[in-house]
*Asks:* 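Just dropping this structure here.
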Amino acid sequence: MDLFDSRQADELATLLALAEHGSFAAAGRALQRHPSVLSKRLGALEQRLGVRLVERTTRQLRFTDEGLRLVECLRQAASLIAEAQDQATRSAAQVQGRLKLAVPAAMGRLWLSPILSRFVLAHPQVTLEVEYSERFVDLVAEGFDAAIRIGELADSRLLARRLCDLRRILCAAPDYLERHGTPRAPAELATHNCLGFTGLHTWPDWKLANGNRQQTVRVSGNLHSNDNEALLSAARLGVGILAGGEWLMKHDLDAGRLVRVLPGWQLDASAGIYFVRPSARYSSATSEVFKAWIEVQFADGAPWEIGPDTQPSPPR
């Protein structure tokens, strides 16, 4: 027997309604069905089970012993189902359970890991499952609750909250600039060894902006990669000019290992860093609390702007 077969469920609901209301007419009003429909359902149930459940007379119904036992079992089953649904509702209102999150690999390791660690310390009943990857996971198909994404959003199925702007800047090692000269205008980049991040959707074109001024330069170089940290390592060694997120180069800029190139210009000025999730309609309390948490972490600026030791207070 398939408990969730709709026809069989209708038959069992009819039996319970008859037991509660005592007649086909009263049961029909409760289920909003004609009494003749309920009579057919009861007959189908008895035929399927091979046992008489209800004796019918012109004035009343009398349940057989088999019918009474089945009604009692169905009442217990209905109580268990109701309890399971209540438990699911209570769980959705509690900050507990599993939250599956996708974050960009390099940024995640450099800046987001401390934020995620502080979240699980504040909510020990939550199991945070984090995938660090540069790929854009399919949140719906792969069962992710949320993601943090860099760049531009193309998936209209997702709900997005912009956490901050994404500043992509140009940097190089002082040694490289001493050997090859410092570009003074975007067009001069075409004569330099530019490190190519193949994950940039416009590569090999760098679309630069300086306020209202825009300029696109086709660049070239002898090292391309889909890994930001590999290119950062090459830039430190003086291989070439790197275009990347300010978050990626922050430590090296502060330490003097890299310096800004064309400091008035940046790539993809409209890009941002986003918190995205499939839907808010059936969002759990855990997902909502994490959304509030991550928004607070970026409220006063991105972590690489306000410093690693600055820890915003958790939302209340």
Side-chain angles (χ1 to χ4, degrees), residues 85-168 199 228 245-248 250 268-316:
Q85 293 182 130
D86 288 343
Q87 183 177 357
T89 299
R90 289 193 300 272
S91 295
Q94 297 174 2
V95 184
Q96 63 179 21
R98 170 179 164 273
L99 191 69
K100 189 176 182 182
L101 180 68
V103 301
M107 178 186 285
R109 289 190 292 267
L110 285 171
W111 297 104
L112 301 179
S113 293
I115 293 175
L116 302 182
S117 296
R118 293 197 296 270
F119 178 79
V120 295
L121 285 173
H123 303 284
Q125 299 304 312
V126 174
T127 298
L128 199 58
E129 181 180 332
V130 187
E131 177 173 317
Y132 290 78
S133 174
E134 300 299 352
R135 72 186 183 96
F136 272 21
V137 302
D138 187 325
L139 267 64
V140 177
E142 298 180 51
F144 282 87
D145 297 295
I148 294 173
R149 289 190 171 170
I150 302 173
E152 298 178 358
L153 299 182
D155 194 338
S156 60
R157 298 174 301 169
L158 303 178
L159 297 176
R161 172 74 161 84
R162 191 180 181 102
L163 298 174
C164 67
D165 294 337
L166 172 61
R167 286 170 46 83
R168 285 194 175 107
N228 275 307
E246 188 175 27
W247 59 268
L248 178 66
K250 175 65 173 175
D268 293 335
S270 62
I273 298 171
Y274 296 86
F275 175 76
V276 298
R277 51 185 174 156
S279 172
R281 185 177 180 186
Y282 299 117
S283 180
S284 68
T286 304
S287 178
E288 291 293 334
V289 167
F290 182 80
K291 174 179 178 290
W293 177 278
I294 201 69
E295 288 174 351
V296 166
Q297 308 309 304
F298 282 82
D300 296 326
W304 48 93
E305 295 172 341
I306 61 179
D309 296 329
T310 304
Q311 299 182 14
S313 299
R316 297 182 177 180

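This structure is a prediction, so every number in the text was calculated from the model and none was measured. Heavy-atom basis, side chains included; hydrogens, waters and symmetry copies ignored.
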*Asks:* Does the distance from a Lys or Arg side-chain N to an Asp or Glu carboxylate O, for Glu305 and Arg167, drop under 4.0 Å?
*Replies:* no
*Asks:* So do the side chains of Leu112 and Val130 get within less than 4.5 Å of each other, counting heavy atoms only?
*Replies:*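 No; the side chains remain at least 4.5 Å from each other.
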*Asks:* Side chains of Phe290 and Leu116: does their closest heavy-atom pair fall under 4.5 Å?
*Replies:* yes
*Asks:* Does the side chain of Trp304 reach to within under 4.5 Å of the side chain of Leu248, using non-hydrogen atoms?
*Replies:* no
*Asks:* Do Phe144 and Glu131 have side chains that get closer than 4.5 Å, going by heavy atoms?
*Replies:* yes
*Asks:* Where do Met107 and Ile273 come nearest, in terms of heavy atoms and distance?
*Replies:*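 Of all heavy-atom pairs spanning Met107 and Ile273, the closest is CE-CD1, 3.4 Å.
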*Asks:* Is the closest side-chain heavy-atom distance between Glu295 and Leu163 below 4.5 Å?
*Replies:*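 A side-chain contact under 4.5 Å exists here.
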*Asks:* The criterion is side-chain hydrogen bond (donor to acceptor under 3.5 Å, both in side chains); which residues satisfy it with Glu134, sequence neighbours excluded?
*Replies:*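 If we apply the side-chain hydrogen bond (donor to acceptor under 3.5 Å, both in side chains) test to Glu134, skipping adjacent residues, there are no hits.
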*Asks:* Restricting to non-hydrogen atoms, name the atom on Val137 and the atom on Ala102 that form the minimum distance, rounded to 0.1 Å.
*Replies:* CG2-CB, 3.6 Å
*Asks:* Looking only at heavy atoms, which two atoms of Leu166 and Gly245 are closest? And how far apart?
*Replies:*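 Answer, listing the atom of Leu166 first, then Gly245: CD1-CA, 4.5 Å.
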*Asks:* With the side chain counted from C-beta on, respond yes when Phe275 and Lys291 share a heavy-atom pair under 4.5 Å apart, and no when they do not.
*Replies:* yes
*Asks:* Compare all side-chain heavy atoms of Arg168 with those of Ile150 and state whether any distance is below 4.5 angstrom.
*Replies:* yes
*Asks:* Minimum heavy-atom separation for Pro278 to Leu139, with atom names?
*Replies:* CD-CD2, 3.8 Å
*Asks:* According to side-chain hydrogen bond (donor to acceptor under 3.5 Å, both in side chains), who are the partners of Arg98, at least two apart in sequence or on a separate chain?
*Replies:*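 With neighbours one apart ignored, the set is Glu129.
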*Asks:* Would a distance-only check, ignoring hydrogens and angles, find a side-chain to backbone donor-acceptor pair under 3.5 Å from Trp111 to Trp247?
*Replies:*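 Yes: the side chain of Trp111 pairs with the backbone of Trp247.
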*Asks:* I want to check a possible cation-pi pair here: Arg109 against Tyr132, using under 6.0 Å from ring centre and within 45° of the ring axis as the test.
*Replies:*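 No cation-pi geometry.
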*Asks:* Can you see which heavy atom on Ile115 is nearest to which on Gln297, and at what distance?
*Replies:*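 Nearest heavy atoms, Ile115 then Gln297: CG2-CG, 3.5 Å.
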*Asks:* Mind checking salt bridge (Lys or Arg N to Asp or Glu O under 4.0 Å) for Lys100 and listing every partner two or more places apart, or none if nothing turns up?
*Replies:* none
*Asks:* How far apart are the closest heavy atoms of Pro104 and Ile148, and which atoms are they?
*Replies:*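 Smallest heavy-atom distance, with atoms named: CD-O, 3.0 Å.
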